[in-house]
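This is a predicted model, so every value here is computed, not measured.
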Amino acid sequence: MTDIKDAVVLVTGANGGLGREFVRQALERGARRVYASARTPREWDDARVVPLELDVTDPASVAAAAARADDVTIVINNAGAATQGSLTSADLSGARELFEVNFWGPLEVANAFAPALKANGGGAVLNVLSVLSWIALADTYSATKAALWSATNTQRLQLAEQGTQVVALHVGYTDTPMTARLDVEKNDPADVVAQAYDGIAEGSYEVLADDVSRQVKAALSSPVAAMYPALAASSS
Ligand SMILES: NC(=O)c1ccc[n+]([C@@H]2O[C@H](COP(=O)([O-])OP(=O)(O)OC[C@H]3O[C@@H](n4cnc5c(N)ncnc54)[C@H](OP(=O)(O)O)[C@@H]3O)[C@@H](O)[C@H]2O)c1
């Protein structure tokens with residue numbers, strides 16, 4: 001259990017759709033300070049917000065942010081991208097780039113801030129994953145989130161030793177700039193973030209923020225062909 005009230009929260013990708021909500025709701029729940037980190041920080045109209053430059057793919061930038069924000073008690077690993085670069089392409093450079101943002105980036109951030117979290121009493125790390133951690137319908141993006149899901153499980157075990165709660169947030173389509181071009185039903189980012197902070201406050205290990213995430217997780221024990229109906233179509 002990690003209190004949001006009086007917490008010092010660091011949000012990566014704070015200018016994005018979910019990022020803005022993570023900043024707003026931390027303030028609403030009484031956070032003492034919020035580091036709104038971004039590649040290009042912007043001004044916020046609340047004195048408790050500290051804009052901070054942080055590119056998750058640049059270890060020097062991550063280290064500088066960790067040195068500046070050494071009073072942090074909650075890290076929200078939210079930054080992410082959905083650019084493509086296929087796992088089955090002869091050229092894997094695009095896929096590697098996406099892993100830099102969605103996989104190695106959050107690990108750099110968590111590892112850089114872990115000493116501060118320990119010094120400040122343990123605190124919490126929340127990794128923004130996806131329903132696509134569990135179903136490979138989005139090529140490299142799915143693979144990055146599946147890898148981060150596994151790494152989150154490792155972090156949870158290892159950071160428990162220093163009293164840090166590690167939370168995985170799984171969610172499907174949510175109405176942010178990342179999905180702006182998709183004409184599908186989408187979650188409200190405010191609802192997703194409220195569930196994420198409830199999970200942190202209640203001591204949860206995992207937050208499944210919508211029905212599709214709950215259904216796909218429950219289906220993981222199904223035969224592969226049941227998870228991927230396209231296989232039946234391609235073999236007939
Ligand atoms: N929207 C969905 O349907 C959905 C579903 C499941 C999971 N997610 C995950 O939710 C998280 C937030 O995404 P969103 O939906 O809010 O999308 P978004 O509005 O596109 O926000 C993503 C943010 O990540 C930032 N970012 C990208 N690369 C970065 C880097 N190298 N260093 C620091 N920040 C970087 C972007 O910064 P710039 O402003 O500088 O580009 C942007 O502010 C992501 O991890 C995403 O994978 C989203």
Using modelled atom types and a 3.5 Å cut-off, is there a donor and acceptor pairing between side-chain atoms of S150 and backbone atoms of A147? no
Answer whether the closest heavy-atom distance between the side chains of V171 and N187 falls below 4.5 Å. yes
Return yes when atom OH of Y173 has more than 12 non-hydrogen atoms of other residues, nucleotides or ligands closer than 6.0 Å, and no otherwise. no
Quick one: are I200 and I74 in side-chain contact, heavy atoms under 4.5 Å? yes
Give a yes or no on whether L107 and F99 share a hydrophobic cluster (residues Ile, Leu, Val, Met, Phe, Trp, Tyr; joining criterion: side-chain heavy atoms under 4.5 Å apart). yes
Under 4.5 Å between any side-chain heavy atoms of L126 and N77, yes or no? no
Rounded distance (nearest 0.5 Å) linking atom OG1 of T144 with atom CG of N102: 4.0 Å
Hey, what do you get for OG (S61) to CG (D55), rounding to the nearest 0.5 Å? 5.5 Å
Answer yes or no: is there a donor N or O on one side and an acceptor on the other, between the side chain of D58 and the main chain of A60, under 3.5 Å? yes
Take atom NZ in K118; do more than 12 heavy atoms of anything else shown fall under 6.0 Å from it? no
If you define the side chain from C-beta out and look only at heavy atoms, does anything of T83 sit under 4.5 Å from L98? yes
Given D91 and S89, is the side-chain hydrogen bond (donor to acceptor under 3.5 Å, both in side chains) satisfied, shown in steps? CA-CA 5 Å; D91 176 3; S89 159; 5.6 Å; no
Lys/Arg N to Asp/Glu carboxylate O, R48 vs D46, below 4.0 Å: yes
Shortest non-hydrogen contact from S133 to W149? CB-CB, 4.1 Å
Going through the checks in order, is the side-chain hydrogen bond (donor to acceptor under 3.5 Å, both in side chains) test met by S86 and T88? CA-CA 5 Å; S86 179; T88 53; 3.1 Å; yes
So OG1 of T73 and CG of D6: to nearest 0.5 Å the spacing works out to 9.0 Å
Heavy-atom neighbours of E28 CD exceed 12 at 6.0 Å: yes
To the nearest 0.5 Å, how far apart are CG in D45 and CG in L27? 9.0 Å
Under a 4.5 Å cut-off applied to non-hydrogen side-chain atoms, are V34 and V50 in contact? no
Using modelled atom types and a 3.5 Å cut-off, is there a donor and acceptor pairing between side-chain atoms of R68 and backbone atoms of L52? no
Please check if the side chain of K145 supplies one atom and the backbone of V128 the other of a donor-acceptor pair under 3.5 Å. yes
Would a hydrophobic clustering, with Ile, Leu, Val, Met, Phe, Trp and Tyr connected at side-chain separations under 4.5 Å, put V11 with V167? yes
For L157 and Q155, what are the C-alpha separation, side-chain angles and deciding distance, and is it a side-chain contact (heavy atoms from CB on, under 4.5 Å)? CA-CA 5 Å; L157 288 172; Q155 284 177 334; over 6 Å; no
Can you tell me how far apart CD (Q25) and CD1 (I76) are? Round to the nearest 0.5 Å. 10.5 Å
In terms of hydrophobic clusters joined by side-chain contacts under 4.5 Å, are L148 and L169 together? no
Verify the distance criterion only: is there a donor paired with an acceptor across the side chains of T12 and N78 at less than 3.5 Å? no
Residue pair F113, L10: steps toward the side-chain contact (heavy atoms from CB on, under 4.5 Å) verdict: CA-CA 10 Å; F113 282 92; L10 178 127; 3.7 Å; yes
Kindly check if the number of other-residue, nucleotide or ligand heavy atoms within 6.0 Å of CH2 (W44) is above 12? yes
Can you see whether S213 engages D210 through a side-chain donor-acceptor pair at a distance of less than 3.5 angstrom? yes
Under the side-chain contact (heavy atoms from CB on, under 4.5 Å) rule, what do V9 and R33 come out as? Steps first, then yes or no, please. CA-CA 6 Å; V9 181; R33 178 170 299 143; over 6 Å; no
Pairs flagged by salt bridge (charged side-chain N to carboxylate O under 4.0 Å, His left out) wherever residues 217-228 is involved - sequence neighbours left out: E206-K217
Minimum heavy-atom separation for V23 to A36, with atom names? CG2-CB, 4.1 Å
I want to check something: taking the side chain as every heavy atom from C-beta on, are L117 and V75 in contact at a cut-off of under 4.5 Å? yes
For a 4.5 angstrom cut-off between non-hydrogen side-chain atoms, does L137 reach L132? yes
Taking Y35 as the starting point, is it possible to reach V62 by hopping between hydrophobic residues whose side chains are less than 4.5 Å apart? yes
SB check R96 E100 (cutoff 4.0 Å): no
What are the two closest non-hydrogen atoms of N120 and D70, and how far apart are they? ND2-O, 3.0 Å
Would you please classify the geometry between the Y197 ring and the F22 ring as parallel, tilted or perpendicular, with 30° and 60° separating the classes? perpendicular
R29/D198 salt bridge by N-O under 4.0 Å criterion: yes
Kindly give the heavy-atom pair with the smallest separation between A168 and L129, and that separation in Å. CB-CD1, 3.6 Å
Report the C-alpha separation of V109 and N111 in whole Å, then their side-chain angles, then the decisive distance to 0.1 Å, and conclude whether the side-chain contact (heavy atoms from CB on, under 4.5 Å) test is met. CA-CA 6 Å; V109 170; N111 294 351; over 6 Å; no
same_hphob_cluster(V8, V193) at 4.5 Å side-chain heavy-atom cutoff: no
To the nearest 0.5 Å, what is the distance between NZ on K186 and OG1 on T174? 9.5 Å
To check you understand the geometry: which heavy-atom pair defines the closest contact between A114 and Q162, and what is its length? O-NE2, 3.1 Å
Pairwise side-chain contact, S130 with Y141, heavy-atom cut-off 4.5 Å (strictly under): yes
Show the nearest heavy-atom pair for residues A209 and V192, with the distance to one decimal. CB-CG1, 4.3 Å
